Amino acid sequence: MRTGRWLAAVPMAALALATVYPLVFTTNVALKTRHEYVLDRFSPADSPQVDNLATAWGSVGMARYLTNSLVVVTCAVALLLVLGSMAGFALGRLRFRGSRTLYLGCLAALFVPFQVVMVPLARTMAALGLIDTRPGLVLAYVAQFLPFTIFLMASYYAHIPVEIVDAARIDGNTLFGVYRRIMLPIGVPALISVGILNALFCWNDVLIALLLMPSAENRTLMVGVTSLRGQYSDDIPTFAAGVLIAAVPVLLVYLFFQRHIVQGVTAGSTKG
Amino acid sequence: MPLAGTPSSVRSDPAARTVRVPTGRGARPGARAGARRAEYLAPYALVAPAVLVIVVLRLYPLVLGVNFSFTGDGELDGTAVGLDNYVTLFGDPLFLGALRNVGLLVLLLPVAVAIPGLLATFIHLRVPGHRLFRGVYFFPAVLSPVIVGAIFNLLLAFDGPVNAVLDTVDLGPVDWLGDPDVAIFAVVGVHVWATFGMALVVFLAGFSTLDPSLLDAARIDGAPLPRIIWHVIIPGLSRTIQFVVVTTMIGMLTSMFGLLYVMTSGGPGGATYLPEYYIWIQQGQMSRPALASAASTVLFLVMVVVGLLQISVLRRSGRAE
């Protein structure tokens with residue numbers, strides 16, 4: 001078994017290298033001049049320079065795309081957490097007429113992928129005058145990720161002892177007061193995980209943003225990245241620099257919140 | 001604070017192991033003196049905004065879309081055309097190609113599940129460096145498909161690093177994204193690269209529920225690893241494996257759009273079409289929303305089959321417990 005472990009470690013280390021290398025390669029390319037890249041794309045950058053990053057940042061409106069993404073993702077996640085924790089508390093911890101049906105309805109929505117409803121959704125959004133607007137995209141993200149949020153919050157609240165709810169109500173709290181003064185604070189650990197996960201989902205989305213935000217100035221960062229290739233097809237280092245800029249926020253989130261992300265991902269699996 | 005660190009832990013609570021919603025009786029308003037109308041309605045007020053959003057923007061569009069798929073496009077907008085869209089759909093080589101690619105994904109599914117499963121096994125057995133491996137393997141899972149696709153556009157270029165590596169062993173070069181026979185495998189390979197970390201952490205969470213004494217006993221008996229996997233790990237992790245199978249399949253069916261959009265645009269010659277890409281093209285580029293709706297309905301039926309499979313699996317394992 002001992003030698004076996006070392007034998008397994010070798011291919012696993014190779015795989016780890018293959019996991020990291022694409023990003024290392026891209027970073028290295030982004031730090032090269034165009035001339036240097038054409039001569040040799042693999043060698044470490046001679047004199048690493050940030051001109052490409054500056055070019056990519058300046059010329060394609062990345063700052064604007066970044067603002068769009070930040071605003072939309074922040075609003076969507078805030079709404080998701082409020083609506084998701086309210087519904088999660090009610091459906092996971094309370095029993096009332098129709099609660100089970102409502103919960104199953106929310107779960108059923110988990111199996112309706114965006115691709116299946118995108119055509120009628122685009123029509124509904126257009127009818128509501130929400131196409132090409134930030135509120136429209138926020139609403140679409142909330143609708144997309146709310147079932148998952150409710151599912152996780154409901155299973156979290158299901159483990160809060162019911163005596164806590166009872167005691168708070170005997171103290172004269174209304175049900176909404178119980179939610180606001182007790183369930184919301186108790187739910188913070190779960191809300192952090194679910195919030196980070198939702199932020200990643202929204203931030204990384206491209207299909208919904210492409211569909212609902214047709215005009216160039218409303219692009220999110222990920223849609224902006226897809227337009228980089230056409231713009232810099234003969235200037236790969238600048239293209240790589242743009243990709244890198246778009247990847248950095250997510251990599252930072254990963255470094256700081258890895259534990260929360262993993263908890264959010266696995267929370268669904270242990271409950272089935 | 002871990003999710004599982006709640007007053008009653010996820011693992012110790014049997015209710016956590018079923019899909020049933022544990023019911024709190026204490027909040028039944030009727031049992032209280034002076035059950036006011038407002039309090040009776042309070043639970044509904046809590047769920048109302050969420051239910052409204054889900055019904056209006058998820059469930060109602062589903063009905064609308066199915067309905068829409070039986071109407072025409074262009075001049076026939078709003079007119080009932082019966083099954084015409086479905087006839088067009090199943091006569092369109094692009095859509096048939098997309099369905100063929102779905103079949104291919106199903107065939108590749110065992111590989112996409114086995115790789116993270118095997119890696120999780122080694123990490124659980126504490127291979128030297130297992131902590132590092134876990135952190136590194138997971139990181140591509142947080143990257144957007146758009147970023148991943150853009151990076152692999154560079155790596156899989158004809159004069160890119162992958163072909164350079166092949167060249168050192170006198171293979172290739174391969175036109176990864178330009179050869180119709182290769183492109184779909186290249187895209188699926190990138191998808192697996194980007195998502196296997198997700199399945200890996202789910203497997204590891206499953207391992208932590210596995211009774212360690214079983215593993216220890218098998219190892220003390222000197223059982224070789226393949227037999228430990230077959231007789232101890234696979235039966236012990238059956239629920240986790242089923243969960244990973246279903247989520248991986250759903251992921252393959254619904255989250256490859258970004259890669260296709262950036263890496264191949266469905267090409268070369270439509271070789272990398274998947275239903276979701278077909279829907280996008282018909283809706284966005286070809287102005288055939290009704291035809292797109294028909295394709296959506298077909299995709300939904302595929303998803304329903306996957307969903308029913310999961311429910312039956314959950315029922316079965318629920319009974320076994």
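Each chain gets a letter, A, B and so on, in the order its sequence line appears, and its residues count up from 1. Heavy atoms only: backbone and side chains are in, while hydrogens, waters and symmetry mates are out. What you see is a predicted model, and the numbers here were worked out from it, not measured in a lab.
- B/N67 does not touch chain A: none of its heavy atoms, backbone or side chain, sits under 4.5 Å away.
- When all heavy atoms of A/N204 and B/V142 are compared, the closest pair comes out as ND2-O, 2.8 Å.
- Neither the backbone nor the side chain of A/Y157 comes within less than 4.5 Å of any heavy atom of chain B.
- For the pair B/I54/A/P147, a side-chain contact is recorded, criterion being any heavy-atom separation below 4.5 Å from C-beta on.
- Comparing A/L79, A/L251, A/L210 by how many heavy-atom pairs each has under 4.5 Å with chain B, the most go to A/L210.
- Contact annotation for A/R97: both backbone and side-chain heavy atoms come within less than 4.5 Å of a heavy atom of chain B.
- Taking the six-membered ring where tryptophan is involved, the planes of B/F139 and A/Y254 are tilted, since the angle between them lies from 30° to 60°.
- Atom CD1 of B/I147 and atom CG of A/L244 lie 8.5 Å apart (nearest 0.5 Å).
- Highest contact tally toward chain A, considering only B/V162, B/L59, B/L299, B/L143, is held by B/L143 [criterion: heavy-atom pairs under 4.5 Å].
- Proximity to chain A (any heavy atom under 4.5 Å) is shown, for B/F138, by both the backbone and the side chain.
- Nearest heavy atom pair, residue B/S296 against residue A/V116, reads CB-O, 3.4 Å.
- Formation of a donor-acceptor pair under 3.5 Å by the B/S144 side chain with backbone atoms of A/D205 is not found in this model.
- Contact count versus chain B (heavy atoms, under 4.5 Å) is highest, among A/P214, A/A240, A/A143, for A/A143.
- Using a 4.5 Å cut-off between heavy atoms, B/F300 touches chain A through backbone and side chain atoms alike.
- At a 4.5 Å heavy-atom cutoff, the contact between B/Y261 and chain A is made by side-chain atoms alone.
- The greatest number of non-hydrogen atom pairs below 4.5 Å with chain B, out of A/P22, A/A246, A/A140, is found for A/P22.
- For a residue to count as touching a neighbouring chain, one of its non-hydrogen atoms must lie under 4.5 Å from one of that chain's; by this rule B/L119 touches chain A with backbone and side chain alike.
- A distance of 10.5 Å separates CG of B/L57 from CD of A/Q144, quoted to the nearest 0.5 Å.
- Neither the backbone nor the side chain of B/A194 comes within contact range of chain A; no heavy atom of the residue lies under 4.5 Å from a heavy atom of that chain.
- Proximity to chain B (any heavy atom under 4.5 Å) is shown, for A/F201, by neither the backbone nor the side chain.
- Looking at A/L139, both its backbone and its side chain come within 4.5 Å of chain B, counting heavy atoms on both sides.
- Taking both residues in full, the closest heavy atoms of A/T19 and B/V136 are given as CG2-O, 3.5 Å, listed atom of the first, atom of the second, then distance.
- Atom CG of A/L207 sits about 7.0 Å away from atom CD of B/E276, to the nearest 0.5 Å.
- Atom OH of B/Y60 has 12 or fewer neighbouring heavy atoms from other residues, nucleotides or ligands inside a 6.0 Å radius.
- More than 12 heavy atoms of other residues, nucleotides or ligands lie within 6.0 Å of CZ in B/R288, so this atom counts as buried by the packing criterion.
- Each of B/V262, B/V304, B/L155, B/L64 has some count of heavy-atom pairs under 4.5 Å with chain A, and the biggest count is that of B/L155.
- With a 4.5 angstrom heavy-atom cutoff, B/Q283 touches chain A only via side-chain atoms.
- Using a 4.5 Å cut-off between heavy atoms, A/A18 contacts chain B through its backbone alone, with no side-chain atom that close.
- Note: A/Q115 CD to B/M256 CE = 11.5 Å, rounded to the nearest 0.5 Å.
- Between A/A87 and B/A50, the shortest heavy-atom distance links the atoms CB-CB, 3.7 Å.
- To the nearest 0.5 angstrom, A/M183 atom CE is 11.0 Å from B/L46 atom CG.
- Ranked by heavy-atom pairs shorter than 4.5 Å toward chain B, the options A/L200, A/T226, A/V223, A/V82 are led by A/T226.
- Contacts between A/L211 and chain B at a heavy-atom distance below 4.5 Å involve backbone atoms as well as side-chain atoms.
- By number of non-hydrogen pairs under 4.5 angstrom with chain A, the leading residue of B/P61, B/A42, B/A45 is B/P61.
- Your options are B/L118, B/T297, B/D159, and the one with the most heavy-atom pairs under 4.5 Å with chain A is B/D159.
- When the candidates A/A16, A/P11, A/S85 are compared by the number of heavy-atom contacts under 4.5 Å with chain B, A/A16 comes out ahead.
- The minimum heavy-atom distance linking A/M12 with B/Y137 is given by the pair O-OH, 2.6 Å.
- In terms of heavy-atom proximity, A/V206 sits nearest to B/G258 at CG1-CA, 3.8 Å.
- Contacts of B/W280 with chain A are made by both backbone and side-chain atoms, with heavy-atom separations under 4.5 Å.
- When each of A/F25, A/F89, A/Y179 is checked for heavy-atom pairs under 4.5 Å with chain B, A/F25 comes out on top.
- For the atom pair CZ (B/F122) and CG (A/L15), the distance works out to 12.0 Å, reported to the nearest 0.5 Å.
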